[in-house]
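Inspection log for the structure reproduced underneath, given as C-alpha cells.
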Amino acid sequence: MINVGVLGATGAVGQRFVQLLASHPWFNLQTLTASERSAGKNYRDAVNWRLDEPFPDSVGDIVVSKTDVDSVKGLDIVFSALPADLATNLETDISRAGVAVCSNASSHRMDKNVPLVVPEVNPDHLGLIDLQRDSGNDGFIVTNPNCSTITMVSALNPIQHRGLSDIRVATMQAISGAGFEGISAMSIYDNVIPYIGSEEKKMEAETLKIMGSFDGSVITNAPFSISASCHRVPVIDGHTMAIWVDTKASVEELKNDFRNYKAPFTGLPTQPEKSVLLFEQEDRPQPRLDRNRGRGMTVSVGRIREGVRFIAMGHNTIRGAAGASVLNAELIVSKKYL
Ligand SMILES: NC(=O)C1=CN([C@@H]2O[C@H](COP(=O)(O)OP(=O)(O)OC[C@H]3O[C@@H](n4cnc5c(N)ncnc54)[C@H](OP(=O)(O)O)[C@@H]3O)[C@@H](O)[C@H]2O)C=CC1
Ligand SMILES: N[C@@H](CC(=O)OP(=O)(O)O)C(=O)O
C-alpha cells in the first residue's frame, strides 16, 4: 500500500478526497490536515460533512494534524486541497522533503517544470517529474487543472486530431466551485453572476499548456487561440459550458470521434468506463441528471451542431478537482514514478 495524506481535508474539495481515498484499493489514507481551528480534533468532530455520500467511518478517528511539512513527512503522496495562497510555499517545501504532491490548487500549475495533467489528454507531460528530480530530490509536484479547464480539455481531446482553431467557450459554473462558504444564498438564488475571478485567464492559459506538446524538456503551447467567458449559476455541482471551435471536420465526423473515443490507458481504479460520453438527445447533458456518470468522472457532451458548437458538462469537485488528482496519482504509480 502507498501511504497518503490530504491537506485541507475538511473543505469542499478535501471532503471529496477523503470520500475517494477512504477505501481506495492502492492508497492507505493516514494523515488529514486542516487549519489550527481543526487540528487536534478527531476528523469526525472537526469536519462538517456535507457530501451526499455517507461519512466514511474508517477515517473518523484520525486526529487532524496541523498543515505543515512535519505532519506529512514520510508519506508517499499528499493530495492538496489548500487555498492557493497557502499552497504556494507549503507544496514546494513538502516536495523538497521528499514527498510527491498531487495538487488541486492553482499555485504551481503554470510553473515550467510542473506537469499540469489530465491523464486521458497529456499523460506524457509527467516526464517533467524527471526534470524536477534533477536536483537530486525524490519529491515532486504534479497539478491538475482548474475544474472548468478539465471539463473543456476532456471534451476537446477526442477531436483535437481534426485540427482546431479559434476556440470560444461560455461557462455556467456550479456554486460548489467557490467552496462551502464561498457564495451566499442571497447572492446566487434567482441570479446569474457574470464574473468568476481569474477563471477566464486560467481556462485560456491552462488549456494551451495541457494541449501543448512535450519534447522531453519543454512544453510548447497548443497552436490555437482561446477566448473564455465564465459565469456562476444556481446549480450545486456540475460545470456546464457551450464551446465553439473552428474545424474543417463535419458534425457527423466529430460525433463519430466522440462515440469511438477510448482513454489511452486502462486499469486505473478511479478511471470511469467512459471518460467522455456523447448524448444524442437534444436536451442533454444536464448537471442534475448527468454529473454523477462514471462516479462523477465522466465528462458528458452533446448538442453538436454546425458552427461547430457543442455542450460539455463535468462534475466540478470530482472530475474537476479531487477525482482528477487521485487519477493523476494512479497514473504516476502505474508509470512507476513511485
Ligand atoms: N481543480 C479545481 O478546479 C478546483 C480546485 N479547487 C481548489 O482547491 C482548494 C480548496 O478549495 P475548497 O475545498 O473549495 O476550499 P474550502 O474553503 O472549502 O476548504 C479549505 C480547506 O483548507 C483549510 N485551511 C483554511 N485555512 C487554512 C490555514 N490557514 N492553514 C491550514 N489549513 C487551512 C480548511 O481547514 P478548516 O476547515 O480547519 O478551516 C479546509 O480544510 C483551493 O485552492 C481551490 O481553489 C477548488 C475547487 C475546484
Ligand atoms: N474557480 C473555480 C474553482 C476553483 O477553485 O478553481 P481553481 O482551482 O482554479 O482555483 C470555480 O469557482 O468554479
Side-chain angles (χ1 to χ4, degrees), residues 5-19 32-41 43 45-51 64-69 71-72 78-91 94 101-110 116-118 142-154 171-183 188 193 195-207 210 228 230-233 235-241 287 296 314-328:
V6 176
L7 307 172
T10 47
V13 176
Q15 291 187 26
R16 283 286 178 203
F17 271 123
V18 171
Q19 176 215 331
L32 301 172
T33 86
S35 74
E36 301 275 357
R37 293 179 288 278
S38 312
K41 298 179 185 164
Y43 186 62
D45 300 324
V47 72
N48 180 5
W49 188 258
R50 297 199 237 196
L51 304 186
V64 175
S65 309
K66 283 194 295 191
T67 299
D68 58 18
V69 178
S71 301
V72 297
V78 296
F79 294 94
S80 172
L82 288 176
D85 54 342
L86 273 178
T88 308
N89 292 334
L90 194 63
E91 290 179 0
I94 291 172
V101 179
C102 288
S103 178
N104 255 293
S106 55
S107 324
H108 295 288
R109 287 178 191 153
M110 299 307 293
L116 176 59
V117 173
V118 178
V142 169
T143 55
N144 59 265
N146 166 279
C147 38
S148 301
T149 311
I150 293 183
T151 301
M152 182 168 71
V153 298
S154 299
T171 69
M172 292 150 267
Q173 296 183 216
I175 54 181
S176 58
F180 282 140
E181 313 299 343
I183 192 162
I188 195 66
I193 299 174
Y195 172 71
I196 302 175
S198 304
E199 195 82 352
E200 292 159 359
K201 278 198 192 112
K202 286 185 202 169
M203 281 190 86
E204 291 165 2
E206 293 177 13
T207 300
I210 298 160
C230 294
H231 319 96
R232 186 78 69 200
V233 297
V235 164
I236 300 288
D237 288 317
H239 286 359
T240 306
M241 53 199 68
H315 196 304
N316 53 302
T317 63
I318 303 180
R319 179 82 240 196
S325 230
V326 173
L327 191 61
N328 276 352

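Quick note: numbers below take in every heavy atom, side chains included, and nothing from hydrogens, waters or symmetry partners. Counting starts at 1 for both ligands and their atoms, in listed order. For clarity, every value in this text was computed on a predicted model and none was experimentally measured.
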With distance as the sole test, does R109 use its side chain to make a donor-acceptor pair with the main-chain N or O of N104 at under 3.5 Å? yes
Contacts satisfying salt bridge (charged side-chain N to carboxylate O under 4.0 Å, His left out) that involve residues 172-181 (not counting sequence neighbours) are R50-E181
d(I236 CD1, T317 OG1) to nearest 0.5 Å is 11.0 Å
**Request:** Output yes when a side-chain donor or acceptor of Q15 lies under 3.5 Å from a complementary backbone atom of N48, and no otherwise.
**Result:** yes
Protein N/O near ligand 2 N/O, under 3.5 Å, which pairs?
unit_1: ligand 2; atom_1: 1 (N); unit_2: E199; atom_2: OE1; d: 2.6
unit_1: ligand 2; atom_1: 6 (O); unit_2: N146; atom_2: ND2; d: 3.3
unit_1: ligand 2; atom_1: 8 (O); unit_2: R109; atom_2: NH2; d: 2.6
unit_1: ligand 2; atom_1: 9 (O); unit_2: R109; atom_2: NH1; d: 2.8
unit_1: ligand 2; atom_1: 9 (O); unit_2: N146; atom_2: ND2; d: 2.8
unit_1: ligand 2; atom_1: 9 (O); unit_2: K202; atom_2: NZ; d: 2.8
unit_1: ligand 2; atom_1: 10 (O); unit_2: K202; atom_2: NZ; d: 2.9
unit_1: ligand 2; atom_1: 12 (O); unit_2: G177; atom_2: O; d: 3.1
unit_1: ligand 2; atom_1: 12 (O); unit_2: R232; atom_2: NH1; d: 3.0
unit_1: ligand 2; atom_1: 12 (O); unit_2: R232; atom_2: NH2; d: 2.5
unit_1: ligand 2; atom_1: 13 (O); unit_2: Q173; atom_2: NE2; d: 3.0
unit_1: ligand 2; atom_1: 13 (O); unit_2: R232; atom_2: NH1; d: 3.1
unit_1: ligand 2; atom_1: 13 (O); unit_2: H239; atom_2: NE2; d: 2.9

Could you tell me, for ligand 1, which of its N or O atoms are under 3.5 Å from any protein N or O, listing the pairs and their distances rounded to 0.1 Å?
unit_1: ligand 1; atom_1: 1 (N); unit_2: N104; atom_2: OD1; d: 3.1
unit_1: ligand 1; atom_1: 1 (N); unit_2: N144; atom_2: ND2; d: 3.4
unit_1: ligand 1; atom_1: 1 (N); unit_2: P145; atom_2: O; d: 3.1
unit_1: ligand 1; atom_1: 1 (N); unit_2: G320; atom_2: O; d: 2.7
unit_1: ligand 1; atom_1: 3 (O); unit_2: C147; atom_2: N; d: 2.3
unit_1: ligand 1; atom_1: 3 (O); unit_2: G320; atom_2: O; d: 3.4
unit_1: ligand 1; atom_1: 13 (O); unit_2: A12; atom_2: N; d: 3.1
unit_1: ligand 1; atom_1: 13 (O); unit_2: V13; atom_2: N; d: 2.8
unit_1: ligand 1; atom_1: 18 (O); unit_2: A12; atom_2: N; d: 2.9
unit_1: ligand 1; atom_1: 32 (N); unit_2: S35; atom_2: N; d: 3.4
unit_1: ligand 1; atom_1: 35 (O); unit_2: T10; atom_2: OG1; d: 3.1
unit_1: ligand 1; atom_1: 35 (O); unit_2: S35; atom_2: N; d: 3.4
unit_1: ligand 1; atom_1: 37 (O); unit_2: T10; atom_2: OG1; d: 2.5
unit_1: ligand 1; atom_1: 38 (O); unit_2: S35; atom_2: N; d: 3.1
unit_1: ligand 1; atom_1: 38 (O); unit_2: S35; atom_2: OG; d: 2.6
unit_1: ligand 1; atom_1: 38 (O); unit_2: S38; atom_2: OG; d: 2.4
unit_1: ligand 1; atom_1: 39 (O); unit_2: S35; atom_2: OG; d: 3.4
unit_1: ligand 1; atom_1: 39 (O); unit_2: R37; atom_2: NE; d: 3.4
unit_1: ligand 1; atom_1: 39 (O); unit_2: R37; atom_2: NH2; d: 2.6
unit_1: ligand 1; atom_1: 41 (O); unit_2: G8; atom_2: O; d: 3.1
unit_1: ligand 1; atom_1: 41 (O); unit_2: T10; atom_2: N; d: 3.2
unit_1: ligand 1; atom_1: 41 (O); unit_2: T10; atom_2: OG1; d: 2.6
unit_1: ligand 1; atom_1: 41 (O); unit_2: G11; atom_2: N; d: 3.2
unit_1: ligand 1; atom_1: 43 (O); unit_2: L82; atom_2: O; d: 2.6

CG of N89 to OG of S107, rounded to nearest 0.5 Å, is 9.0 Å
Check: Between the side chains of N316 and Q173, does any donor sit under 3.5 Å from an acceptor?
Finding: no
Sorted by chain and number, sequence neighbours left out, side chain to side chain contact (heavy atoms under 4.5 Å, CB included) with I193 holds for I183, S187, I188, N191, R232
### S325 and N328: side chain donor to acceptor below 3.5 Å
no
Got a sec: does the NZ of K66 have more than 12 other heavy atoms crowding it under 6.0 Å?
no
